[in-house]
Amino acid sequence: MSSGLPLLSLALLTGVLLVGGLVWASRRLLGRPVGTVRTGVGALLAFSLSSVLAEQMRRESPGLYLALTVACAVLITMTFIVIAEALVPTGSLPHPSEIVRSAIRRVSRSRRYYQITRIAVRHGLGPALRGRRGRTPHARSLRLALQEAGVTFVKFGQVLSTRRDLLSPAFLDELSHLQDKVEPASSAEIEQVLTEELGGSPHAVFAEFDRTPLAAASIGQVHRARLHSGAEVVVKVQRPGIRPLVERDLDIVERLAATLQQRTRWGRAFGAVELARGFAAALLEELDFRVEARNMTTVAAAQPALRVPGLHEELTTERVLVQEWLDGVPLSKAEPIIAEHGLDRAKLARDLLAGLLTQIMRDGTFHADPHPGNILLLRDGTLALLDFGSVGRLDGQLRASLEHLLVAVGRNDPAAMSDALLEIVTHPEQLDRPSLERALGQFTARHLNAGPAPAMDMFTDLFRLVAAYDLAVHPEIAAVFRALATLEGTLTRLDPSFDLFAEAQEHASGQFTERLHPSSLREALADETLNLLPVLRRLPRRLDRITHSLERGRLSVNVRLFADDRDRHLVTTLLHQTLLTVLGATAAVVAALLLGTAGGPQVTPSVSLFQLMGYALFGIGSVLILRVLFTIFRHP
């Protein structure tokens with residue numbers, strides 16, 4: 001028994017070395033990286049089959065038997081890898097560890113999915129989810145279901161409540177009542193988060209810390225505190241354990257959106273998948289308070305019209321945000337102060353709109369959720385913005401296009417409106433431009449020539465017009481319209497007679513006119529001249545060289561083929577593959593001829609030299625052809 005163990009160990013070691021050698025040789029001959037699992041499986045298969053194929057040589061020539069066994073093993077391994085790559089390309093199957101993690105996530109998601117489905121069915125939304133015709137979900141049922149489903153679905157309902165281009169007034173009104181009605185996290189949980197993020201207990205980091213929150217929402221809650229320097233601050237703390245719950249629910253939201261878009265007509269009309277993806281991206285940003293901190297810094301540096309709380313960057317992390325305490329009240333509760341101090345409501349409304357429009361039209365980063373709770377009226381009568389978790393961003397081209405649209409509306413020019421509108425939307429190739437211009441003319445006549453109209457109604461009609469012509473609004477522009485629609489309710493609270501669209505149009509015209517002012521034109525011309533100055537300095541010398549060459553008849557054009565490395569690599573790869581294919585096919589043809597040739601010196605009683613050379617060339621040709629096939633099947 002004791003002598004058998006070393007023999008077994010030696011056999012196992014020999015087998016491992018042989019398999020390892022086959023793996024190494026196959027990878028080298030194929031010339032591209034191959035996964036360990038499929039190479040190992042191919043080597044084990046080759047190890048068991050190659051000796052059977054070469055069994056005839058065992059008695060005639062042990063040396064030839066060994067060589068033939070190794071050659072067969074390598075060819076079998078390579079053939080298995082090529083077939084596996086053709087049937088199951090690399091990367092199409094997850095790693096085993098990923099399969100285990102995916103199974104765990106799937107179980108958790110299935111449990112939550114079942115819970116959400118039960119909530120939907122209990123509130124009568126089952127037929128709508130199954131896509132039955134004629135069944136439209138009831139607005140109140142949808143609100144109750146979203147409220148019961150938790151934080152992610154409440155946030156999603158709040159986003160839907162601003163989409164007047166998608167939902168009817170009944171749904172918009174019902175979903176607007178969705179609130180983050182959650183109990184505050186315990187002081188022990190909040191202190192644990194603060195300790196983990198700030199490296200010390202809140203009582204050590206702050207001179208004073210009020211355990212009772214000022215406000216509590218689904219993502220975080222706010223506490224008042226005082227720094228050791230004496231500065232009063234607001235500490236926003238993320239609720240413990242909220243991120244994994246939100247990420248799990250976002251995955252479910254996207255899957256539900258895909259199901260609705262596939263099964264229901266109203267889901268396809270909404271663009272449910274794109275809507276869910278945009279919501280997921282925004283909510284994940286909201287979970288990182290460092291993003292909010294950057295938004296605050298950007299807006300504060302860009303425009304001073306609206307106050308932005310100062311940020312304490314040294315105390316701000318992914319789950320904690322510390323900002324300046326501002327002495328004021330939310331605009332939703334500011335009626336007594338406005339009346340007591342006799343503040344000019346129209347001026348407050350104009351300042352608020354001007355500040356937001358400056359963010360949108362000039363700076364490109366703007367507050368995307370300016371509802372009355374996020375706007376603070378300070379004791380000195382100025383306005384401040386709070387909660388920068390949701391912001392919009394516009395590049396220079398979109399800002400200019402939006403400005404052109406507002407100016408065209410002011411001039412009542414349907415053709416210019418059509419041109420400007422097509423700059424901020426994606427349109428089909430077969431677009432009826434004259435029909436679109438007529439529709440825009442009717443839009444302006446209905447909303448602008450008949451006196452002031454509510455901005456929300458205008459935005460709703462504009463989005464309906466866009467949908468009627470299969471135009472897709474960029475998400476950034478949709479965020480602008482949602483922000484303005486949200487702001488209208490705030491502005492009318494301040495001044496019921498305030499005309500948002502007229503003021504926005506005047507603001508855009510003012511900016512456009514300002515750029516046409518002589519001083520602005522001089523500045524623009526000076527900037528362009530500075531950019532062109534290096535080119536202008538070199539231009540006379542270059543013109544002199546060109547004319548001198550023309551005069552002497554020496555002007556020539558030098559075109560370099562394959563100057564780009566990528567072009568050279570492509571051509572080289574094609575030549576290599578062609579050459580390998582030709583060599584492999586030639587070797588296979590010569591091998592067939594040699595194997596069919598009788599006579600010649602005998603190497604063994606049953607194998608001649610011609611046959612041995614044929615087998616060798618057949619192996620070489622097989623290797624070359626397998627390498628070419630593997631390169632073809634292997635995805636780049």
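What's counted below: heavy atoms across the whole structure, side chains too, no hydrogens, waters or symmetry copies.
Rounding to the nearest 0.5 angstrom, the gap separating the CG atom in L436 from the OG atom in S418 is 4.0 Å. For the atom pair OG1 (T152) and CD1 (I219), the distance works out to 7.0 Å, reported to the nearest 0.5 Å. Note that the CD atom of Q323 and the CG atom of L315 stand 12.5 Å from one another [nearest 0.5 Å]. With values rounded to the nearest 0.5 angstrom, H312 atom NE2 is found 7.0 Å from E324 atom CD. Atom CG of L256 is separated from atom OG1 of T117 by 7.0 Å, given to the nearest 0.5 angstrom. Atoms CG and NE2, on L386 and H371 in that order, are 9.5 Å from each other to the nearest 0.5 Å.
Annotation: side chain to side chain donor-acceptor pair (under 3.5 Å) contacts of Q192 (sequence neighbours excluded): E196. For D395, the side chain to side chain donor-acceptor pair (under 3.5 Å) criterion is met by no residue, not counting sequence neighbours. Qualifying ring-ring contact (aromatic ring centres under 6.0 Å, His included) partners for F388, counting only residues two or more places apart in sequence or in other chains: H367. Residues that satisfy the side-chain contact (heavy atoms from CB on, under 4.5 Å) test with R350, not counting sequence neighbours, are A346, K347, F498, E503. With sequence neighbours left out, S186 forms a side chain to side chain donor-acceptor pair (under 3.5 Å) with E189. The side chain to side chain donor-acceptor pair (under 3.5 Å) search around R143 returns E174, not counting sequence neighbours.
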- [ ] Applying side chain to side chain contact (heavy atoms under 4.5 Å, CB included), run through E148 and H123 and close with a yes or a no.
- [x] CA-CA 10 Å; E148 187 176 347; H123 289 283; 2.9 Å; yes
Task: Residues V235, L194; criterion side chain to side chain contact (heavy atoms under 4.5 Å, CB included); working and verdict - done: CA-CA 10 Å; V235 183; L194 289 170; 4.0 Å; yes
Open item on the list: For L357 and L484: C-alpha separation, side-chain torsions, deciding distance, then whether side chain to side chain contact (heavy atoms under 4.5 Å, CB included) applies.
Closed with: CA-CA 9 Å; L357 288 177; L484 292 176; 4.2 Å; yes
Task: Full working for side chain to side chain contact (heavy atoms under 4.5 Å, CB included) between R294 and T297 - done: CA-CA 5 Å; R294 289 195 296 270; T297 303; 5.7 Å; no
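Residues L385 and Q359 form a side-chain contact, since some pair of their non-hydrogen atoms from C-beta on lies under 4.5 Å apart. Contact annotation: the side chain of D369 never approaches that of D387 to less than 4.5 Å [non-hydrogen atoms, C-beta and beyond]. Between T195 and P202, some side-chain heavy-atom pair lies under the 4.5 Å cut-off. E423 is not listed as a side-chain neighbour of L398, based on a closest heavy-atom distance of 4.5 Å or more. L284 is listed as a side-chain neighbour of E247, based on a closest heavy-atom distance under 4.5 Å. Within the 4.5 Å cutoff, the side chain of L214 has no heavy atoms near those of the K236 side chain. Side-chain contact check for L383 versus L377: some heavy-atom pair is nearer than 4.5 Å. In this structure, the side chains of P309 and V234 stay at 4.5 Å or more apart for every pair of heavy atoms.
Here the shortest heavy-atom pairing between I116 and A149 reads CD1-CB, 4.1 Å. When all heavy atoms are compared, the tightest approach of F279 to L250 is CE2-CD2, 3.6 Å. Considering every non-hydrogen atom in both I424 and S401, the closest pair reads CG2-CB, 3.3 Å. Here the closest non-hydrogen pair linking A293 and T316 is CB-CG2, 3.9 Å. Between V253 and F153, the shortest heavy-atom contact is CG2-CE2, 3.6 Å. Counting all heavy atoms, side chain and backbone alike, V193 lies closest to P240 at CG2-CB, 3.9 Å.
For E318, the CD atom is densely surrounded, since the number of other residues' heavy atoms within 6.0 Å is greater than 12.
Side-chain N or O atoms of R399 include one that pairs as donor or acceptor with a backbone N or O of L394 at under 3.5 Å. N295 contributes a side-chain N or O that, together with a main-chain N or O of V291, makes up a donor-acceptor pair within less than 3.5 Å.
In summary, of the residues considered (V391, V480, V299), a side-chain contact (heavy atoms from CB on, under 4.5 Å) with F366 occurs for V480 alone.
For the pair R243 and D288, the salt-bridge criterion is not met [side-chain N within less than 4.0 Å of a carboxylate O].
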